[in-house]
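Data block below; observations after.
Only heavy atoms go into these numbers, but all of them, side chains included; no hydrogens, no water, no symmetry mates.
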Amino acid sequence: MNVNGTTIDAIFLSLSTAFNQTFAATPTEWQTIAMEIPSSGAYVDHRWLGAFPQMKEWIGKKNIKKLDEYEYVVKNKSYESTIEIKRDDIEDDQIGIYGIQAQNAGAAAKKHPDQLVYQAVNTVFTAKCFDGQPMVSNNHKVGKSTVSNKGTKKLSTATAAAADLSYGAGRQKMMEFEDESGESLGVIPNILLVPPALETVGKKLLTAEKLDDGSINPYVGTAKLVVSTRIKNPNYWMLLDTSKPVKPFIYQKRKAANLVKSTNPEAPNVFLEGVFYYGVEARGNAGFGFWQLIYASDGSQG
């Protein structure tokens, strides 16, 4: 096969079609737990998260929430995935394998937000949110009080007491969250997020009429079970409230996955290395929303 502009354009059109079809058909999971925040610069300052919106009686001057004490900047990062296409393979008409690579690139590009969001999920006990504390911490400040959204109990259905001390305690804690004036935030967890190791326990907790000890299970239907292979620690489990406009996690999109290619047969990389390049570029990052919308346990205690 002759290597010229027409040939190269036809090859890349075929690869783009394979990429786009796979991209469109690939499912994602990040939308279940995160919200998308558009970005138009190098970073986004999310200090607005310092005000969990509540209506208050208007008497005299309006009660203005000052956000100067908060600073939560999420910087955008650049990402890429590149396929190298050898000129010799084009000359020998051996380009079938590149179609499969283009499909893989399409799937990877579509799932890239999943990767970013679950990187945040895996760091909830260490990475800081808008109040300067880790997203899941024993030391969140609400007015003059200190509030915890962190647990240590293993998720369990062994006995009524075990279920109450793990899932039940987390659920109660979230429902008791208040603002600085003592008003309920109306948080009710609707998702139980677990790794594959806890899928059976989570499913039993939310669907079985009875617990392992034969006692009545009071938690049937109280949340939706979400299992993710991207949660790295097999003991982590999390309760989330995703019913509000702001979600527990943020996917910050600066530039959506964009196809790029090098198709000039006279380009230096073709002359020096005998290769063409085809790939994907994207910019963005992930971070945290309101800490009040999550309760997480590291499962370190039985």
Is there a donor in the side chain of N76 and an acceptor in the side chain of Q252, or the other way round, less than 3.5 Å apart? yes
We want to know whether K141 and T146 form a side-chain donor-acceptor pair, criterion being a heavy-atom distance below 3.5 angstrom. yes
Can a donor-acceptor pair be found between the side chains of Y219 and D164 at a distance below 3.5 Å? yes
What is the distance from atom NZ of K255 to atom OG of S39, rounded to the nearest 0.5 Å? 12.5 Å
Check the hydrophobic clustering (I, L, V, M, F, W, Y; side-chain heavy atoms under 4.5 Å; chains of links allowed) and say if L206 and M174 are grouped together. yes
To the nearest 0.5 Å, tell me how far Q301 CD sits from K154 NZ. 9.5 Å
Heavy-atom pair with the smallest gap, counting every atom of T22 and A107: CG2-N, 3.8 Å
Would you say the side-chain atoms of R254 pair up with the backbone N or O of K77, donor to acceptor, closer than 3.5 Å? no
Could you list all the salt bridge (charged side-chain N to carboxylate O under 4.0 Å, His left out) pairs where at least one residue sits in residues 12-32, not counting sequence neighbours? E29-R230
Just by modelled atom types, is the A162 backbone N or O under 3.5 Å from a matching donor or acceptor in the T159 side chain? yes
Could you tell me whether the side chain of K153 and the main chain of S166 form a donor-acceptor pair under 3.5 Å? no
Under 3.5 Å, sequence neighbours excluded: what are the donor-acceptor pairs made by side chains of residues 10-20?
residue: S16; atom: OG; partner: F12; partner atom: O; Å: 2.8
residue: T17; atom: OG1; partner: L13; partner atom: O; Å: 2.9
residue: N20; atom: ND2; partner: S16; partner atom: O; Å: 3.1

On a heavy-atom basis, which atom in A105 and which in I83 lie closest, and how many Å separate them? CB-CD1, 4.3 Å
For the backbone of L211 and the side chain of S215, can you confirm whether one donor and one acceptor N or O come within less than 3.5 Å of each other? no
For residues M238 and A296, report the shortest heavy-atom separation together with the two atoms involved. CG-CB, 3.6 Å
Partner of H140 under ring-ring contact (aromatic ring centres under 6.0 Å, His included), picked from W291, F290, F130, F177, is W291
Side-chain donor or acceptor of N233 paired with backbone N/O of N122 under 3.5 Å: no
Do V136 and I191 sit in the same hydrophobic cluster, where Ile, Leu, Val, Met, Phe, Trp and Tyr count as joined when their side-chain heavy atoms come under 4.5 Å apart? yes
Using 30° and 60° as the class boundaries, would you call the ring planes of Y72 and H46 parallel, tilted or perpendicular? tilted
Would you compute the distance between atom CZ of R283 and atom CG of N258 and round it to the nearest 0.5 angstrom? 12.5 Å
Counting distance only, does the side-chain N/O of D241 pair as donor-acceptor with the main-chain N or O of V187 below 3.5 Å? no
Closest non-hydrogen atom pair between E84 and Y98, with its separation: O-CE2, 3.2 Å
Rounded to the nearest 0.5 Å, what separates atom CG in D114 from atom CD1 in I33? 8.5 Å
Hey, is the main chain of I250 close enough, under 3.5 Å, to the side chain of N285 for a donor-acceptor pair? no
Does W30 offer a backbone N or O that forms a donor-acceptor pair with the side chain of T28 under 3.5 Å? no
For R171 versus L239, what's the shortest heavy-atom pair and its separation? N-CD1, 3.4 Å
All heavy atoms of Y295 vs all of G151, minimum pair found to be OH-CA, 3.2 Å
Identify every side-chain donor-acceptor pair in residues 197-205 under 3.5 Å, counting partners at least two apart or on other chains, and give the distances.
residue: K204; atom: NZ; partner: D212; partner atom: OD1; Å: 3.0

Gap separating the CD1 atom of I85 from the OH atom of Y277, nearest 0.5 angstrom: 11.0 Å
Under the 3.5 angstrom rule, does the side chain of N138 hit a backbone N or O of V147 as a donor-acceptor pair? no
Could you verify whether a donor N or O on one side chain and an acceptor N or O on the other, from N190 and T242, lie under 3.5 Å apart? yes
Donor-acceptor pair between T82 and E80 side chains, under 3.5 angstrom: yes
Measure the SG-CG distance between C129 and N149 for me, rounded to the nearest 0.5 Å. 8.0 Å
When the aromatic ring centroids of F125 and Y236 are compared, is their separation below 6.0 Å? yes
